[in-house]
Amino acid sequence: QVSLVESGGGLVQPGGSLRLSCAASGFRVDYYAIGWFRQAPGKEREGVSCFSSSDGRTYYADFVKGRFTVSRDTGRNTVNLQMNALKPEDTAVYYCATQEEPGCGTNWANYLDMDYWGKGTLVTVSS
């Protein structure tokens with residue numbers, strides 16, 4: 001049974017850092033791509049980043065490029081999201097998801113294509 005569990009969220013000041021982790025069970029993270037998404041209050045869910053298991057390529061939304069880094073830990077079967085230089089507008093519930101495909105695909109940021117989701121972890125950026 002596929003399961004995803006996010007962790008690492010919390011309250012951080014603007015300019016600070018957090019590291020989110022997505023622990024997978026029921027499959028290996030070197031089999032399927034894992035995407036990170038977020039949803040702020042009153043806003044639509046949006047794609048943040050994706051790690052492609054097929055070739056190790058990484059993808060980022062423009063609004064996080066240069067600040068966020070996605071990585072994979074096959075030993076722990078996790079995909080992690082290092083978030084630096086956080087801004088108040090990064091405040092959201094962050095989710096990881098998979099569509100059980102090895103690659104992220106050109107539509108990796110389309111949350112409607114995902115088959116399995118974690119329950120999310122809240123990130124609040126505030127002074």
Exercise for the section: Go through Val29 and Thr78 one step at a time and tell me if the side-chain contact (heavy atoms from CB on, under 4.5 Å) criterion holds. Expected result: CA-CA 7 Å; Val29 294; Thr78 61; 5.9 Å; no
Problem - Basic-acidic side-chain contact under 4.0 Å: Lys65, Asp62 - result: yes
Handout entry: Test item: Arg72 and Ile34 side chains (from C-beta on) under 4.5 Å apart, heavy atoms
Key = no
Problem - Rounded distance (nearest 0.5 Å) linking atom CD of Gln82 with atom OG of Ser21 - result: 11.5 Å
Problem - Reported CG-to-NZ distance for the pair Leu4 and Lys119, which is rounded to 0.5 angstrom - result: 12.0 Å
Exercise for the section: Determine, using the 4.5 Å side-chain heavy-atom cutoff (strictly less than), whether Leu112 and Tyr95 are members of one ILVMFWY cluster. Expected result: yes
Handout entry: Sub-4.5 Å side-chain heavy-atom contact between Asp90 and Phe68
Key = yes
Exercise for the section: Identify the two heavy atoms, one from Gly47 and one from Ala61, that lie closest to each other, and give their separation to 0.1 Å. Expected result: O-CB, 3.4 Å
Problem - Tyr31, OH: over 12 other non-hydrogen atoms inside 6.0 angstrom - result: no
Exercise for the section: Sort out for me which residue in Glu44, Gln39, Glu46 forms a side chain to side chain donor-acceptor pair (under 3.5 Å) with Tyr111. Expected result: Glu44
Handout entry: hydrophobic_cluster_shared for Val64 and Leu122, side chain cutoff 4.5 Å
Key = no
Problem - Criterion side-chain contact (heavy atoms from CB on, under 4.5 Å) on Thr69 and Tyr60, from CA distance to verdict - result: CA-CA 8 Å; Thr69 303; Tyr60 299 95; 3.8 Å; yes
Exercise for the section: Verify whether one side chain among Ser52 and Ser54 offers a donor that lies under 3.5 Å from an acceptor in the other. Expected result: yes
Handout entry: Arg76 atom CZ, over 12 foreign heavy atoms within 6.0 Å
Key = no
Problem - Heavy-atom pair of closest approach, residues Ser126 and Pro14 - result: C-CD, 3.6 Å
Exercise for the section: Could you please spell out the steps behind the side-chain contact (heavy atoms from CB on, under 4.5 Å) verdict for Ser17 and Asn84? Expected result: CA-CA 4 Å; Ser17 298; Asn84 298 329; 2.9 Å; yes
Practice task
Please examine the side chains of Ser49 and Leu81, heavy atoms only from C-beta on, and report whether any two atoms are closer than 4.5 Å.
Solution key: yes
Exercise for the section: Could you tell me the separation between the OG1 atom of Thr91 and the CZ atom of Arg38, rounded to the nearest 0.5 Å? Expected result: 9.0 Å
Problem - Distance-minimising heavy-atom pair for Ala92 and Ala40 - result: CB-N, 3.8 Å
Exercise for the section: Scan residues 37-57 for pairs that pass ring-ring contact (aromatic ring centres under 6.0 Å, His included), counting only residues two or more places apart or in two chains. Expected result: Phe37-Trp117
Problem - pair Arg28-Thr74: side-chain heavy atoms closer than 4.5 Å - result: yes
Exercise for the section: Tell me who clusters with Trp108, hydrophobic residues only, linked when side chains sit under 4.5 Å apart either directly or through other members. Expected result: Tyr59
Fill in the blank from the handout: Closest non-hydrogen contact found for Gly8 with Leu18 is O-CD2, 3.8 Å
Handout entry: 4.5 Å side-chain heavy-atom contact, Trp36 and Glu6
Key = yes
Practice task
Answer yes if Phe63 and Leu86 sit in the same cluster of Ile, Leu, Val, Met, Phe, Trp and Tyr residues linked by side chain heavy atoms under 4.5 Å apart, and no otherwise.
Solution key: yes
Problem - Residue pair Met83 / Tyr94, side-chain heavy-atom distance below 4.5 Å - result: yes
Practice task
Would you mind reporting whether Leu20 and Val123 have side-chain heavy atoms less than 4.5 Å apart?
Solution key: yes
Problem - Hphob cluster co-occupancy, Val48 + Val12, side-chain heavy atoms under 4.5 angstrom - result: yes
Exercise for the section: Please tell me if the side chains of Asp73 and Asn80 come closer than 4.5 Å, counting only heavy atoms from C-beta onward. Expected result: yes
Exercise for the section: Could you tell me the separation between the SG atom of Cys50 and the CE atom of Met114, rounded to the nearest 0.5 Å? Expected result: 6.5 Å
Practice task
Look only at the side chain of Asn77 and the backbone of Phe27, and say whether a donor-acceptor pair between them is shorter than 3.5 Å.
Solution key: yes
